[in-house]
Amino acid sequence: MLDLKFIRENAEFVKINTSNKNATEHVDLIISHDERRREIIQEVEKIKSQRNLVTKEIADLKKVGKDASEKIFAMKGVSDQIKELDDELGEVEDVVKLYIMQIPNMTHASVPIGKNADNNLDVRQWGEIKKVNHKLNHIEIATKLGIVDFERGAKVAGGGFHFYTAKGARLERALINFFLDTHTDIHGYTEMMPPFVANRNSMRGTGQLPKMAEDMYHCQEDDLFLIPTAEVPLTNYHNGEILRAEELNKRICGYSPCFRREAGSYGKDVRGLLRVHQFNKVELVKFVKPEDAFDELESLVSDAEALLKSLDLHYRVILLCTGDTSFASAKTYDIEVWSPGEEKWLEVSSCSNFGDFQARRANIRFKRDANAKPEFLHTLNGSGLATPRIMVAIIENYFDGEKLHIPKVLQKYVGCEFIA
RNA sequence: GGAGGGAUGGCCGAGCGGCUGAAGGCAACGGUUUGCUAAACCGUCGUAGGGGUUUAAGCCUCUACCGCGAGUUCGAAUCUCGCUCCCUCCGCCA
């Protein structure tokens, strides 16, 4: 959510920046309603002030035992007048809130302006395309080795769900543990095991609601959503709180399954593990001082990259253009890993700086010192990493035609050197 | 699921419908004093939103906020109703 005052004072900038994100805005509507809002406030507060004055006079009269019925009579009806204005104020404020929540975060000046993924900027690449002596994709290999079962996943839960089986399950678990261990032991994150469902307030706080409601699984009876990412519980961990400056910059990480209905995405890159309704991910979240946010974004990306280097997987980092940057983000880097089977880059991480956008929605602030005014802090998050496409890359890159070699760093977790 | 109890500022904790934006304590901050640490004393010390003023930090003023939302009343932290969360006990369950 943007600051109303900011919108008022930078209307043109907000309009342009929003359209750069291919989003629509109602800035004019917000501003006109805000004007009416301030009109009403002035009017109603004048009446309230009057009422408070007379009320005090009544109290004084009663205290000395005098008759106040004349003044009391005069005040009859004033409350109704106030209520009427307050009601209108509420309506006007609801409109402002409704539309202000729909304005995306402003992208940072360093973000290239562009319509879609074609305009994204290639920042750097690491490693190189490995020669593989097979022509199989991950589905064929995984099925052959018996480490993923797509058919039974579909039988039990539906299309887009799968089982990891036997050593496949072990390998998946190994990835999760390797990721968590690296972030906690080396990168300075504190591990959290969050709830896998969240309420509306949390979903609104991180920006999934209202826009993404259709993409989430919802438990109607309890009005809870299955989390689409651990970003939701991890960021909302501090919802409504004021942190001390010494606690910043704070890094937390956590594993969770991620649930995505992905309504409407059928037919595109959905084979096998490429796009599924439930997947595992280790998420990195930072709460930082505003002035550190963009530096922290760079280190966040490199924390995720470190994992790919350890796994010796060829990857590239791209800077998303305005049109490809998500609703709540000010700047986003994606990390993509090379898939020999698909002959494509696969997104395995998305690292974003949200500025104060989420903090404002979730009301997360900090004080620079004991007497300072609370300020909104800045939040960041990134995947470190999402496992399915890493699994694809490992399966395709490490299969030698007969057996699947286990990357060195994972061997102690999997307990073997290869799967045959 | 059943029965009770509770929610007040950064924290603890008072609060007969008007004198309570809220006592008192702690913490924090500024200062005075004592040859260090400390103690004592004085002062400051919530948030948000309007309006005014200033080049600005700021200052002045009004309004709202005692879990959330409605209601009663001239007037609600205080009374009524609904909701949420927390605690205790019972039941059920991993």
Side-chain angles (χ1 to χ4, degrees), chain A residues 1-9 30-101 193-205 209 219-225 233 236-248 250 287 290-291 356 359-377:
Chain A
M1 185 168 72
L2 297 183
D3 183 15
L4 181 55
K5 219 173 260 171
F6 178 85
I7 296 174
R8 201 152 64 203
E9 286 162 11
I30 290 170
I31 288 179
S32 67
H33 278 77
D34 177 49
E35 269 166 28
R36 177 66 189 138
R37 171 182 152 264
R38 280 141 74 207
E39 268 173 32
I40 299 172
I41 286 174
Q42 287 190 49
E43 208 177 329
V44 75
E45 289 194 349
K46 212 156 122 194
I47 303 175
K48 280 181 182 173
S49 174
Q50 206 102 78
R51 180 186 67 184
N52 289 346
L53 231 64
V54 177
T55 289
K56 197 149 215 156
E57 288 170 12
I58 293 172
D60 289 343
L61 284 176
K62 292 223 160 189
K63 234 187 304 177
V64 293
K66 286 191 185 159
D67 176 46
S69 55
E70 197 178 316
K71 285 190 187 294
I72 289 175
F73 182 77
M75 289 319 278
K76 282 199 191 287
V78 168
S79 273
D80 290 338
Q81 206 180 339
I82 290 171
K83 193 174 156 9
E84 221 168 89
L85 283 169
D86 269 344
D87 285 349
E88 194 194 341
L89 181 63
E91 283 166 29
V92 170
E93 279 178 340
D94 284 348
V95 173
V96 171
K97 205 156 155 198
L98 176 70
Y99 289 117
I100 208 170
M101 289 291 270
M193 181 78 77
F196 299 156
V197 294
N199 59 26
R200 266 177 203 282
N201 188 46
S202 298
M203 287 299 174
R204 213 174 293 121
L209 287 179
C219 312
Q220 201 168 2
E221 288 214 317
D222 303 294
D223 199 22
L224 292 171
F225 295 85
N236 282 290
Y237 183 74
H238 285 305
N239 191 309
E241 296 183 15
I242 300 174
L243 307 192
R244 287 172 293 118
E246 309 90 80
E247 296 178 77
L248 306 180
K250 182 170 180 172
F287 303 92
E291 61 271 26
D356 65 5
R360 195 180 294 280
R361 286 177 164 234
N363 196 23
I364 309 172
R365 295 173 292 173
F366 78 105
K367 279 182 164 183
R368 289 192 186 270
D369 58 69
N371 281 341
K373 219 173 128 88
E375 300 172 48
F376 289 112
L377 48 75

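Scope of the values below: all heavy atoms of this structure, side chains included, with no hydrogens, waters or symmetry mates. Within every chain, numbering begins at 1; the chains are lettered A, B, ... in the order of the sequence lines, protein sequences first and strands thereafter.
- Across all strands shown, B:rA48 is found opposite B:rU63 as a Watson-Crick or G-U wobble partner, with both distances under 3.5 Å.
- B:rU61 sits 33 Å from B:rC79 when the C1' atoms are compared, rounded to a whole Å.
- A pairwise comparison of heavy atoms in A:Leu377 and A:Arg365 identifies CD2-O, 3.9 Å as the closest pair.
- Rounding to whole angstrom units, CG of residue A:Leu89 and C1' of B:rA64 are separated by 11 Å.
- Atoms CG (A:Asp87) and P (B:rA64) sit 16 Å apart, rounded to a whole Å.
- Between the side chain of A:Glu45 and the base of B:rG49, at least one donor-acceptor pair of N or O atoms lies under 3.5 Å.
- Contacts of A:Lys48 with the nucleic acid, taken as non-hydrogen atoms under 4.0 Å apart, involve only primed sugar atoms and P, OP1 or OP2.
- Atom P of B:rC59 sits at a distance of 11 Å from the matching atom of B:rC45, rounded to the whole Å.
- Neither OP1 nor OP2 of B:rC74 sits under 4.0 Å from any side-chain N or O of A:Thr55.
- Classification of A:Lys56 and A:Asp60 as a salt-bridged pair fails, no side-chain N sitting under 4.0 Å from a carboxylate O.
- Between A:Arg51 and the phosphate of B:rC74, there is no side-chain N or O to OP1/OP2 separation shorter than 4.0 Å.
- Put simply, A:Lys46 has no side-chain N or O that comes within less than 4.0 Å of OP1 or OP2 on B:rG51.
- Among the atoms of the strands shown, only primed sugar atoms or phosphate atoms (P, OP1, OP2) are found under 4.0 Å from some heavy atom of A:Asn52.
- Considering only side-chain N and O atoms, A:Lys76 lies under 4.0 angstrom from the phosphate OP1 or OP2 of B:rC74.
- Using C1' as the reference atom, B:rG9 and B:rG67 are 14 Å apart when rounded to the nearest Å.
- Counting to the nearest Å, the P atom of B:rC62 and the NZ atom of A:Lys56 are 10 Å from each other.
- For A:Ile40 and B:rG49, the CD1 to P distance is 18 Å, given to the nearest whole Å.
- The pairing partner recorded for B:rU88 is B:rA3, the criterion being a Watson-Crick or G-U wobble arrangement whose two distances lie under 3.5 angstrom.
- Comparing A:Ile58 and A:Arg38 by the nucleotide of RNA chain B whose heavy atom lies nearest to each, the residue mapping closer to the 5' end is A:Arg38.
- Rounded to an integer number of Å, the gap from A:Ile82 CD1 to B:rA64 P is 8 Å.
- Considering only heavy atoms from C-beta on, A:Leu248 comes within 4.5 Å of A:Phe287 through its side chain.
- Between A:Asp86 and A:Lys48 there is a salt bridge, with a side-chain nitrogen of the basic residue lying less than 4.0 Å from a carboxylate oxygen of the acidic one.
- Between B:rU20 and B:rA3, the two C1' atoms lie 35 Å apart (nearest whole Å).
- Nearest-nucleotide positions on RNA chain B place A:Leu4 closer to the 5' end than the other of A:Lys83 and A:Leu4.
- Across all strands shown, B:rC79 is found opposite B:rG71 as a Watson-Crick or G-U wobble partner, with both distances under 3.5 Å.
- A:Ile72 places its CD1 atom 17 Å from the P atom of B:rG17, with the value rounded to the nearest Å.
- Side-chain contact check for A:Met1 versus A:Ile100: some heavy-atom pair is nearer than 4.5 Å.
- Across the protein-nucleic acid pair, A:Ile47 atom CD1 and B:rC74 atom C1' stand 15 Å apart, rounded to whole Å.
- A:Asn199 and A:Ser202 are linked by a side-chain donor-acceptor pair at a separation below 3.5 angstrom, with hydrogens and angles left out of the test.
- Residues A:Arg361 and A:Met101 form a side-chain contact, since some pair of their non-hydrogen atoms from C-beta on lies under 4.5 Å apart.
- One can place NZ of A:Lys62 at 9 Å from C1' of B:rC74, the figure rounded to the nearest angstrom.
- Within 4.0 Å of A:Ile41, counting heavy atoms only, lie sugar-phosphate atoms of the nucleic acid but no base atom.
- Distance noted for atom P between B:rA94 and B:rA28: 50 Å (whole Å).
- Both distances falling under 3.5 Å, in either a Watson-Crick or a G-U wobble arrangement, place B:rG43 opposite B:rC29.
- Taking the C1' atom of each, B:rA56 and B:rC66 are spaced 36 Å apart, rounded to whole Å.
- The pairing partner recorded for B:rA38 is none, the criterion being a Watson-Crick or G-U wobble arrangement whose two distances lie under 3.5 angstrom.
- Contact annotation: A:Arg37 side-chain N/O to B:rG50 OP1/OP2 distance is under 4.0 Å.
- The separation of B:rA27 from B:rG15, taken at their C1' atoms, amounts to 23 Å, rounded to a whole angstrom.
- Residue contacts shown for A:Arg8 are limited to sugar-phosphate atoms, with no base heavy atom under 4.0 Å away.
- On the P atoms, B:rG5 is 41 Å away from B:rC62, given to the nearest whole Å.
- In this structure, the side chains of A:Leu61 and A:Asp67 stay at 4.5 Å or more apart for every pair of heavy atoms.
- Base pairing analysis places B:rC16 opposite nothing; no Watson-Crick or G-U wobble pair with both distances below 3.5 Å involves it.
- The pairing partner recorded for B:rA94 is none, the criterion being a Watson-Crick or G-U wobble arrangement whose two distances lie under 3.5 angstrom.
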